[in-house]
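Heads up: numbering here begins at 1 and tracks the sequence. This one's a predicted model, so the numbers in the text were calculated from it and none came from an experiment. Computed from heavy atoms alone, side chains included, the values below leave out hydrogens, waters and symmetry copies.
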Amino acid sequence: MIAGGRHLFALALLVCSPARADADIDTLVKAAISQIGVTRTYDPAYVQLDYPGGDIALDRGVCSDVVIRAMRALGVDLQVKVHEDMSTHFSAYPKRWGLKHPDSNIDHRRVPNLETWLSRNGKRIPSTANPVDYRPGDFVSWRLDEGQPHIGIVADLHSADGLRPLIIHNIGAGTRIEDVLFAWTISGHYRWFSQSTSF
């Protein structure tokens, strides 16, 4: 029994170890970067998706699809996660689209829903004006100048002056990596990876 307990304790340390977190961050960032040159079109059209694992054609998508596809590289299906939470806690989510019930085709592709889900799972951290507070693999959301929500992933590369991390996102011309961290008003900062992370 003691030996089994030691084995479980060692396994828990392995799962939560910094090395594991670093590997997952690397996987996430690489999965986001791999979409550059593949997803070439911004397409917000409503599409009937398979469930689970539904996705629109890889050559197109919106900003949230960058996050969704990158997270699937870690075995995390945000279509399922958001749908399951909305099915149980629908009233906790924004009422912006006239929905009367969850819709697994679109809910996870809407930035305010992702912001809500991440916050409900304890992943929201302070938003600051200091670029060093934004680490590779973090999610950042904004409100664009006209108020439209947007989301991207912090990369492990920096601006030409070395001061700001670049952002992997799709804002209208397909997935790109750009120096836009402080281009708009930040509405949310989220860090998936921590010692309490559970998949």
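- With hydrogens and angles ignored, the 3.5 Å screen pairs a side-chain donor or acceptor of Asn130 with a backbone N or O of Val132.
- Looking only at distances, no side-chain donor or acceptor of Thr27 sits under 3.5 Å from a matching main-chain atom of Leu74.
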Go through Lys81 and Asn121 one step at a time and tell me if the side-chain contact (heavy atoms from CB on, under 4.5 Å) criterion holds. CA-CA 10 Å; Lys81 298 290 189 183; Asn121 282 271; over 6 Å; no

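- Proximity of Leu144 to Ile171: side-chain heavy atoms (C-beta onward) are separated by under 4.5 Å at one or more points.
- Going from atom CD1 of Ile33 over to atom CG of Leu157 covers 5.5 Å, rounded to the nearest 0.5 Å.
- In this structure, the side chain of Trp142 engages the main chain of Leu181 through a donor-acceptor pair within 3.5 Å.
- Looking at heavy atoms from C-beta onward, Asp65 lies out of side-chain contact with Gln35 at the 4.5 angstrom threshold.
- Taking CH2 of Trp117 as the reference point, atom NE2 of His89 lies at 12.5 Å (rounded to 0.5 Å).
- Here the side chains of Leu118 and Arg124 are not in contact, with every heavy-atom distance at 4.5 Å or above.
- Atom CD of Glu178 is separated from atom CG of Leu166 by 9.0 Å, given to the nearest 0.5 angstrom.
- For the pair Lys95 (side chain) and Tyr93 (backbone), a donor-acceptor distance under 3.5 Å is present.
- Counting all heavy atoms, side chain and backbone alike, Leu28 lies closest to Ala70 at CD1-CB, 3.4 Å.
- We find the CG-CD distance between Asp77 and Glu84 to be 9.0 Å, quoted to the nearest 0.5 Å.
- By the rule that hydrophobic residues join a cluster once side-chain heavy atoms approach within less than 4.5 Å of another member, Leu163 and Val154 end up as members of separate clusters.
- In this structure the side chain of Phe193 never reaches within 4.5 angstrom of the side chain of Arg135, judged on heavy atoms.
- Of all non-hydrogen atoms in Asp133 and His189, the two that sit nearest each other are O-CE1, 3.2 Å.
- Listed for the Thr175 side chain is no donor-acceptor partner under 3.5 Å among the backbone atoms of His169.
- Residues Gln148 and Val111 have side chains not in contact (no heavy-atom distance under 4.5 Å, counting atoms from C-beta outward).
- Nearest heavy atoms, Ala32 versus Val66: CB-CG1, 4.4 Å.
- The two residues Ser127 and Ile186 come nearest to each other via the heavy atoms OG-CG2, 3.5 Å.
- Taken from OG1 in Thr39 to CG in Leu58, the straight-line distance is 6.0 Å, to the nearest 0.5 Å.
- By the neighbour-count criterion of 12 heavy atoms within 6.0 Å, atom CZ of Arg120 is densely surrounded, having more than that number from other residues, nucleotides or ligands.
- Note that CD1 of Ile153 and CG of Asp138 are 10.0 Å apart. Values are rounded to the nearest 0.5 Å.
- When the shell of 6.0 Å around CZ of Arg40 is examined, it contains 12 or fewer heavy atoms from other residues, nucleotides or ligands.
- Looking at Asn113, its side chain does come within 3.5 Å of a backbone N or O of Asp107 through a donor-acceptor pair.
- Arg60 meets the side chain to side chain contact (heavy atoms under 4.5 Å, CB included) test with Thr41, Asp43, Ile56, Ala57; sequence neighbours excluded.
- Tyr190 has its side chain out of reach of Val67: every pair of non-hydrogen atoms, C-beta onward, lies at least 4.5 Å apart.
- Here the shortest heavy-atom pairing between His158 and Pro165 reads CD2-N, 3.6 Å.
- Between the Gln79 side chain and the Ser104 main chain, a donor and an acceptor come within less than 3.5 Å of each other.
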Chi angles and distances behind the salt bridge (Lys or Arg N to Asp or Glu O under 4.0 Å) call for Glu115, Arg143: CA-CA 12 Å; Glu115 291 174 323; Arg143 293 300 180 266; 2.7 Å; yes

Audit row: Ile168, Val29, side-chain contact (heavy atoms from CB on, under 4.5 Å) steps and yes/no: CA-CA 8 Å; Ile168 310 155; Val29 171; 4.3 Å; yes

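- If you chain together hydrophobic residues whose side chains sit under 4.5 Å apart, Val76 and Ile151 fall into the same group.
- A donor-acceptor distance shorter than 3.5 angstrom exists from the side chain of Tyr134 to the backbone of Thr128, with no hydrogens or angles considered.
- Note on residues 165-175: no pairs pass salt bridge (Lys or Arg N to Asp or Glu O under 4.0 Å), not counting sequence neighbours.
- A distance-only check finds a donor-acceptor pair linking the side chain of Ser141 to the backbone of Gly188 [under 3.5 Å].
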Side chains of residues 44-51: which donor-acceptor pairs under 3.5 Å do they make with residues two or more places apart or in other chains?
unit_1 : atom_1 : unit_2 : atom_2 : d
Tyr46  : OH     : Asp103 : OD1    : 3.3
Tyr46  : OH     : Asp103 : OD2    : 2.8
Tyr46  : OH     : Asn105 : ND2    : 3.1

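- The minimum heavy-atom distance between Pro136 and Ile25, with the atom names listed, is O-CG2, 3.3 Å.
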